[in-house]
Protein chains: 2
Amino acid sequence: MSPNLSQRLKDSGIQPSAQRLAVAQYVLSTDDHPSADQVLAKVQSLVPMLSRATVYNTLNLFVEKGLLKQLVLAEGKVVFDPVLSPHHHFIDDDTGRIEDVPWDAIRVSDPARLEGYDVTEYMVVMRGRKLGGPRKLQKKR
Amino acid sequence: MSPNLSQRLKDSGIQPSAQRLAVAQYVLSTDDHPSADQVLAKVQSLVPMLSRATVYNTLNLFVEKGLLKQLVLAEGKVVFDPVLSPHHHFIDDDTGRIEDVPWDAIRVSDPARLEGYDVTEYMVVMRGRKLGGPRKLQKKR
DNA sequence: GTCAAACTCTGGATTAAGTCTAAAGCCGAA
DNA sequence: TTCGGCTTTAGACTTAATCCAGAGTTTGAC
Ligand SMILES: [Mn+2]
Ligand SMILES: [Mn+2]
Ligand SMILES: [Zn+2]
Ligand SMILES: [Zn+2]
């Protein structure tokens with residue numbers, strides 16, 4: 001799966017320590033959009049000797065070096081996204097889950113041409129319910 | 001300007017107390033997207049006898065009753081938006097300021113038709129720089 | 001008008017995500 | 001082997017937001 005994760009970190013100018021590799025292994029290959037706490041829980045279950053500070057340090061470092069994007073799409077939900085190419089996001093109102101929507105699935109009339117603005121980046125953020133799956137528990141309100 | 005703000009609150013099922021009217025007067029008519037702290041500072045300068053708890057209670061109540069929308073577009077920036085009709089948002093990377101972009105200014109190929117999703121709401125979120133204005137101080141990095 | 005119940009507001013305590021700090025550990029080059 | 005710099009750690013700290021319990025206010029029945 002990861003022919004040389006260590007090399008990938010080096011190429012980004014990151015010293016590949018054991019902790020950083022453990023975090024990278026999970027967060028750079030997930031389909032999810034995990035929060036820092038989720039990363040901590042997940043990686044700590046494999047490498048118990050891992051502190052909260054290191055997880056935050058590592059995630060922030062990865063963002064800084066361009067291996068991850070940080071997203072804030074809902075209240076109190078800062079999450080990390082290993083998909084670097086442009087794409088849109090769908091947020092399931094029932095579960096809170098954030099899903100990627102391929103760039104080509106939606107056509108947007110060139111916002112880069114907005115009068116008076118220099119738009120360097122954009123995405124469509126959608127909210128709603130995902131169809132098909134079993135009815136999920138509704139979030140307390 | 002506000003022929004009967006009191007009535008508007010009542011119509012939404014909100015008891016129009018003095019504090020709520022003061023908050024409403026500001027937050028329901030601003031062109032800005034203020035944070036709770038900005039609302040507190042602004043309204044407190046007019047009505048000194050106003051607690052932080054009441055501002056949060058009032059803003060959350062207004063959101064619940066549909067007078068305000070809550071937006072979270074950037075890390076640590078929860079803001080409130082009195083514009084209820086659908087519109088897009090532009091975030092100035094230099095200043096952090098959030099501006100409304102009219103619905104018609106951008107055409108989006110009907111995301112409500114996305115396969116497998118029931119999209120109830122969507123917006124385009126843009127980031128970049130605003131042209132024309134004087135160069136603003138860049139945020140510390 | 002009186003009074004009690006319900007609603008509203010307040011200051012201070014509490015929570016929780018995230019950052020900071022200072023000491024200890026690790027690692028690679030000389 | 002030793003040294004200096006990088007990395008990690010536990011716990012202290014910061015801060016937005018919520019909770020709480022007492023005080024104030026409004027409402028409506030009588
Ligand atoms: Mn951060
Ligand atoms: Mn809230
Ligand atoms: Zn994504
Ligand atoms: Zn807006």
Side-chain angles (χ1 to χ4, degrees), chain A residues 5-7 9-10 12-27 33-44 46-65 67-68 70-80 96 139-141, chain B residues 5-7 9-10 12-27 33-44 46-65 67-68 70-80 96 139-141:
Chain A
L5 189 53
S6 190
Q7 189 58 45
L9 296 194
K10 279 183 198 156
S12 296
I14 296 171
Q15 196 67 11
S17 72
Q19 288 89 341
R20 286 169 179 173
L21 280 168
V23 170
Q25 183 113 349
Y26 168 60
V27 81
H33 295 79
S35 67
D37 255 3
Q38 285 174 286
V39 174
L40 176 64
K42 186 73 172 190
V43 181
Q44 228 173 23
L46 309 173
V47 183
M49 191 56 198
L50 177 71
S51 74
R52 176 183 316 277
T54 295
V55 169
Y56 276 100
N57 287 344
T58 301
L59 291 173
N60 288 337
L61 180 64
F62 285 4
V63 169
E64 189 185 332
K65 297 299 188 179
L67 291 174
L68 279 182
Q70 191 182 54
L71 300 181
V72 191
L73 299 177
E75 179 175 11
K77 286 217 50 170
V78 175
V79 302
F80 296 89
K139 269 234 287 269
K140 179 173 54 188
R141 178 131 297 270
Chain B
L5 189 53
S6 191
Q7 189 57 47
L9 296 195
K10 278 183 200 156
S12 297
I14 295 171
Q15 196 66 12
S17 72
Q19 289 88 340
R20 286 169 179 173
L21 281 168
V23 170
Q25 183 113 349
Y26 169 60
V27 82
H33 295 79
S35 67
D37 254 4
Q38 284 175 287
V39 174
L40 176 64
K42 187 73 171 189
V43 181
Q44 227 172 24
L46 310 172
V47 183
M49 191 56 199
L50 177 71
S51 75
R52 179 181 313 276
T54 295
V55 169
Y56 276 100
N57 286 344
T58 301
L59 291 173
N60 287 337
L61 180 64
F62 286 4
V63 169
E64 190 185 333
K65 297 299 189 181
L67 291 175
L68 278 183
Q70 190 182 57
L71 299 180
V72 190
L73 299 177
E75 179 175 11
K77 285 217 53 169
V78 175
V79 302
F80 297 89
K139 270 234 285 274
K140 180 172 51 188
R141 174 136 301 270

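In what follows, chains carry the letters A, B, and so on, assigned in the order in which the sequence lines appear, proteins first and then strands, with residues in each chain numbered from 1.
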**Q** Out of C:dT8, C:dG18, D:dT8, which nucleotide sits closest to the side chain of B:R20?
**A**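 The nucleotide sitting nearest to the side chain is C:dT8.
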**Q** Take the protein atom CD1 of B:I14 and the nucleotide atom C1' of C:dC7, then report the distance between them rounded to whole Å.
**A**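 Computing the B:I14:CD1 to C:dC7:C1' distance gives 14 Å.
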**Q** Could you please name the option among D:dA10, C:dG18, C:dT10 that lies closest to any side-chain atom of A:A53?
**A** D:dA10
**Q** Please round to the nearest 0.5 Å and tell me the distance separating atom CZ of B:F62 and atom CD1 of B:I14.
**A** 5.0 Å
**Q** Start at the 5' end of DNA chain D and walk down; is the nucleotide closest to B:D37 or to B:Q15 reached first?
**A** B:D37
**Q** Please work out if A:R52 contacts a base, only the sugar-phosphate, or nothing of the nucleic acid, heavy-atom cut-off 4.0 Å.
**A** nothing
**Q** Mind checking the CG-CD spacing from A:N57 to A:E64? Nearest 0.5 Å is all I need.
**A** 11.0 Å
**Q** Return the value, rounded to whole Å, for the distance between atom CD of B:Q70 and atom C1' of D:dT18.
**A**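 Rounded to the whole Å, the gap is 13 Å.
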**Q** Nearest whole angstrom, please: distance from the P of C:dG18 to the NZ of A:K77.
**A** 11 Å
**Q** With a 4.0 Å limit, can you tell me whether A:N57 has a side-chain N or O closer than that to the phosphate oxygens OP1/OP2 of D:dT7?
**A** no
**Q** Take atom CG of B:L59 and atom P of C:dC9, then tell me their distance rounded to the nearest Å.
**A**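 Distance, rounded to whole Å: 12 Å.
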**Q** Between B:Y56 and D:dA17, does any side-chain N or O lie under 4.0 Å from OP1 or OP2?
**A**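 For D:dA17, OP1/OP2 do have a side-chain N/O of B:Y56 under 4.0 Å.
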**Q** Side-chain N or O of B:S17 less than 4.0 angstrom from OP1 or OP2 on C:dC7?
**A** no
**Q** Using OP1 and OP2 only, check whether a side-chain N or O of B:S51 sits under 4.0 Å from C:dC9.
**A** no
**Q** Rounded to whole angstroms, how far apart are CD on A:E64 and P on C:dT19?
**A** 12 Å
**Q** Take atom CG of A:N60 and atom P of D:dT7, then tell me their distance rounded to the nearest Å.
**A** 14 Å
**Q** Figure out the CG/C1' separation between A:L40 and C:dG18, and round it to whole Å.
**A**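 Distance, rounded to whole Å: 13 Å.
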**Q** Show your working on side chain to side chain contact (heavy atoms under 4.5 Å, CB included) between A:K77 and A:V72 and close with a plain yes or no.
**A** CA-CA 6 Å; A:K77 286 217 50 170; A:V72 191; over 6 Å; no
**Q** Which heavy atom of A:H33 sits nearest to which heavy atom of A:Q38, and what is that distance?
**A**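 Closest heavy-atom pair between A:H33 and A:Q38: O-OE1, 4.3 Å.
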**Q** Given C:dC26, is OP1 or OP2 found less than 4.0 Å from the side-chain N or O atoms of A:Q19?
**A** no
**Q** Just how far, in rounded Å, is C1' of D:dG24 from CE of B:M49?
**A**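 One finds 10 Å between C1' of D:dG24 and CE of B:M49, rounded.
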**Q** Just to verify, which of A:V63, A:L61, A:N60, A:T58 counts as forming a side chain to side chain contact (heavy atoms under 4.5 Å, CB included) with A:L68?
**A** A:V63
